[in-house]
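Okay, so here's the structure we're looking at.
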There are 2 protein chains.
Amino acid sequence: MVGGGTGKAWPADDRLAGLRSGMYDRTRRARRPCGAIAMRALAHRTTDIIRYRALAGMDLPPAWCQGAVWDRPVMNHDMREQATIRAVTSIDVARLAGVSQSAVSRAFSPDASISSRTRQKVLAAAASLGYRPNRIPAIMLSGRSYMVGVVIGGLENPFYATALERLATALRENGLQVLLMHVHDALTLDSALDQLLSYRIDAVVTSLAIGSKTVARALSQLHIPVVCFNSSLVGPWISTVNSNNHGAGAVAARRMAAHGVARPVWLAGPAKNAASRARGEGFRQGLREAGLPATALTRLQGDDTYDSGYEAITTLHRQGIRPHGIFSSNDMMACGAIDALRERMGLRCPHDVIIMGYDNIPQAAWRSYDLTSFDQHTDLMVTRAMELLDEALLAKGTPLSRTHVVDAQLIERGSTAITD
Amino acid sequence: MVGGGTGKAWPADDRLAGLRSGMYDRTRRARRPCGAIAMRALAHRTTDIIRYRALAGMDLPPAWCQGAVWDRPVMNHDMREQATIRAVTSIDVARLAGVSQSAVSRAFSPDASISSRTRQKVLAAAASLGYRPNRIPAIMLSGRSYMVGVVIGGLENPFYATALERLATALRENGLQVLLMHVHDALTLDSALDQLLSYRIDAVVTSLAIGSKTVARALSQLHIPVVCFNSSLVGPWISTVNSNNHGAGAVAARRMAAHGVARPVWLAGPAKNAASRARGEGFRQGLREAGLPATALTRLQGDDTYDSGYEAITTLHRQGIRPHGIFSSNDMMACGAIDALRERMGLRCPHDVIIMGYDNIPQAAWRSYDLTSFDQHTDLMVTRAMELLDEALLAKGTPLSRTHVVDAQLIERGSTAITD
DNA sequence: GATCGGATTGCATAGCTATGCAAAACAAGA
DNA sequence: TCTTGTTTTGCATAGCTATGCAATCCGATC
């Protein structure tokens, strides 16, 4: 009865694999509908197969028939050859240090049970071989990759660029890696998420301003924590950190009223942008509370770019309207507006017109604009996002939905200076 | 002689592991200096151990005793519990589809040998279970992760932000993932690289403007392809894509001469920035070729920020120097310079002074600046970088060093318009 | 010297997929 | 029906580390 003593206990020893193939009657190896490995590993649930079979004829979602999963690497993928260039492994180090592989692993785990003498030996060997701990197998073992998918768009907006910078820093300080995904539109989002998921990311952080239900569903179906910035997305796994857009809009309205602006202009961002909508709504409500009729508000449509701000004011000019106060949904449009006011209408801030933006991008402080703006307090928002992420990751498999709101701070500059 | 028929062939069958522990005389399990697994796997080289031992007493580089490797995840790392939430595996899909695990794998490989009927079955099962192919084990098998470490700094410069955007897009189109690392200074670079390497990235792409030898050495020692933008780094594994900084500087000089500027100003970036140095050198040489004496050139020191450009001109003003032509190492400094010229000295472009920048950031086109600038042709540079990367990855383990130079294009705007 | 508890070490394994190989199924022609 | 060539399928394995468990070592106490 000693291990594999009976004749039928093949396959007996892995190391005999090379010999085995000729050892037994090949005809015995009957085909079975399901792989032996699979059967063995899951034998306790084989009865389910029949039920599952019923599903097998169903239609496939298009994403599975084409797109991301199939659009595999264009670059070389001759994997076998590459494998010959083996990196230094913990076994190499163990051999050199004269210890077991486990000792090497422990030497690189801060809290492991290992004597300092052994650790020194191992580290010395590792250093001389150029060994770096390999996290890939650990991902398989733990099911956690410590990678977070960061999905962004619109990096041409300096606000998002600095936000990404701080986010990346914060994630790294929390021991998480950033797997970056830049998406241009909601269409590419699906395939982007597919790719991210195939790397078994632990969570998704996104600053996408898109607020559609489709996107929310796609994110919820990942079954991993999702943390959004300034989004209206709601769903089982989705947490959100928002700037107090509505409140800031109201503050802007009060400033307008204080400056005696009777017919304020609201320069809106794209309708899809939930943050922009909230700012506009807050602005509208603030004006109402200040006693201005709803008809007093002029609404201009922009798309968050400098050019659209310039264009919006140009249009206003053509309509013969002369603005006295403008609240822009973001700073880039506000800059465009300022330039158009000067070039097209010959108006200067703050003498002829006051203007407020949102985001407090670096350019708002540039002397040509000197733009009053709401600062989103990115640092705090990122900190809050880390808290939400931590909480969601700790919840392990339980969907969590939390929301944090961070107040924006009005940074007063020349564009709203009191003129007397 | 049928598989494992003899009694001493333990460990005989993995599936008997549970029984085995009590089957043989435990005292036989003598301790050996090196793990049995390691010894077995590497038996052909055990003689090396003695030689290796001699090295084991050496001093350790500090990075191995503290820092990145030890500063492990702050967030939860109870791996065992997490592992209970198993993701859907290919075996689950195989069971549901009534096929072997290999069939599932093949169904997701475009070129695999599999009948379309089987593929359909598998995809249907995969879709109903929400299975996504898992690339992590493939990384272990192939030794290629298809992840590229992207090391950046200075995202507050819109040029780098848009460059990152295009780079990320291009990498994704080539089937490569972006593992992002934002570094603030050369000090954090080492630990950043350590972390990246532990994820077995295939290559590094960086736009860091730091050009020190230490950095070059650190990158070379990774033993994976490195592609740099606008850097002077040289080393075994390092390839570079540079803007034709020197040539552009010469072009700028010719424009200066054509405008009749007798005492041009060079607004330099930080000395560490190799691109800035090259631009300045080209400018200097161009002036010489235009017949201007070396003493005609005024050099101002900046640090690539708007504020430093503003400050530089302010200093110039204090010195009582009135500039007629300025070439700035980048657009942000040029914008600061333009504002300072107007506010401090009352000078306007191009009437009183002409100015040229570099990078052609979006703000250069903003009406308040209307800045003539050299466009780096980012798209082409990224394309070239992809070519270099592809070549280097195909070279598998052979260090490659190539350089591409891409001409910059002068985008003429109002700041150098001919005034008559 | 004997005993005991704690610290350290090594062994064996799990984790999941891609792929070489051989077997089986299939197709086509004799 | 038999042969032969092609396509498809399943089996078994490799890849590397972290960790439970058991064995061993070490130091202290009796």
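So that the names make sense, note that chain A is the first sequence line, chain B the second, and so on, each numbered from 1.
Protein atom CD of Q120(B) is 14 Å distant from nucleotide atom P of dT8(D), rounded to whole Å. The distance from atom CD1 of I139(A) to atom C1' of dT19(D) is 17 Å, rounded to the nearest whole Å. Computed from coordinates, the Q101(B) CD to dG15(C) C1' distance equals 13 Å when rounded to whole Å. In this structure, R132(A) atom CZ and dT17(D) atom C1' are separated by 18 Å, rounded to whole Å. We find that CD1 of I114(B) is positioned 12 Å from C1' of dT7(D), with the value rounded to whole Å. Rounded to an integer number of Å, the gap from D111(A) CG to dA18(D) C1' is 14 Å. Rounded to an integer number of Å, the gap from F108(B) CZ to dA18(C) P is 10 Å. Between R117(B) atom CZ and dC26(C) atom C1' the separation is 12 Å, expressed in whole Å.
Judged by atom type and distance alone, S100(B) does not reach the base of dC11(D) through any side-chain donor-acceptor pair under 3.5 Å. Under 3.5 Å, the side chain of R106(A) and the base of dG10(C) form at least one donor-acceptor pair of N or O atoms.
Residue L141(A) has its side chain nearest to dA14(C) when only dG10(D), dA14(C), dT17(C) are considered. When distances are taken from the side chain of S102(B) to each of dC16(C), dA18(D), dG10(D), the shortest belongs to dG10(D).
Proximity of T118(A) to the phosphate of dT8(C): no side-chain N or O atom is located under 4.0 Å from OP1 or OP2. Taking only side-chain nitrogens and oxygens, Y131(B) never comes nearer than 4.0 Å to OP1 or OP2 of dC16(C).
Taking 4.5 Å as the limit, every side-chain heavy atom of S145(A) sits out of range of all side-chain heavy atoms of Y199(A).
Heavy atoms of S90(B) sit under 4.0 angstrom from primed sugar atoms or phosphate atoms, though from no base atom. Residue S115(A) is in sugar-phosphate contact alone, with no base atom involved, counting any heavy-atom pair closer than 4.0 Å across all strands shown. If you check every strand for non-hydrogen atoms under 4.0 Å, S113(B) touches a base.
Counting all heavy atoms, side chain and backbone alike, G149(B) lies closest to L196(B) at CA-CD1, 4.1 Å. Across L393(B) and P225(B), no two heavy atoms sit closer than the pair CD2-CG, 4.1 Å. Taking both residues in full, the closest heavy atoms of A97(A) and A125(A) are given as CB-CB, 3.8 Å, listed atom of the first, atom of the second, then distance.
Remark: R106(A) fails to qualify as a cation-pi partner of F108(A) under the 6.0 Å distance and 45° angle criteria applied to the six-membered ring.
Residues P137(B) and S116(A) each lie close to DNA chain C; by heavy-atom proximity, the contact nearer the 5' end of the strand is made by S116(A).
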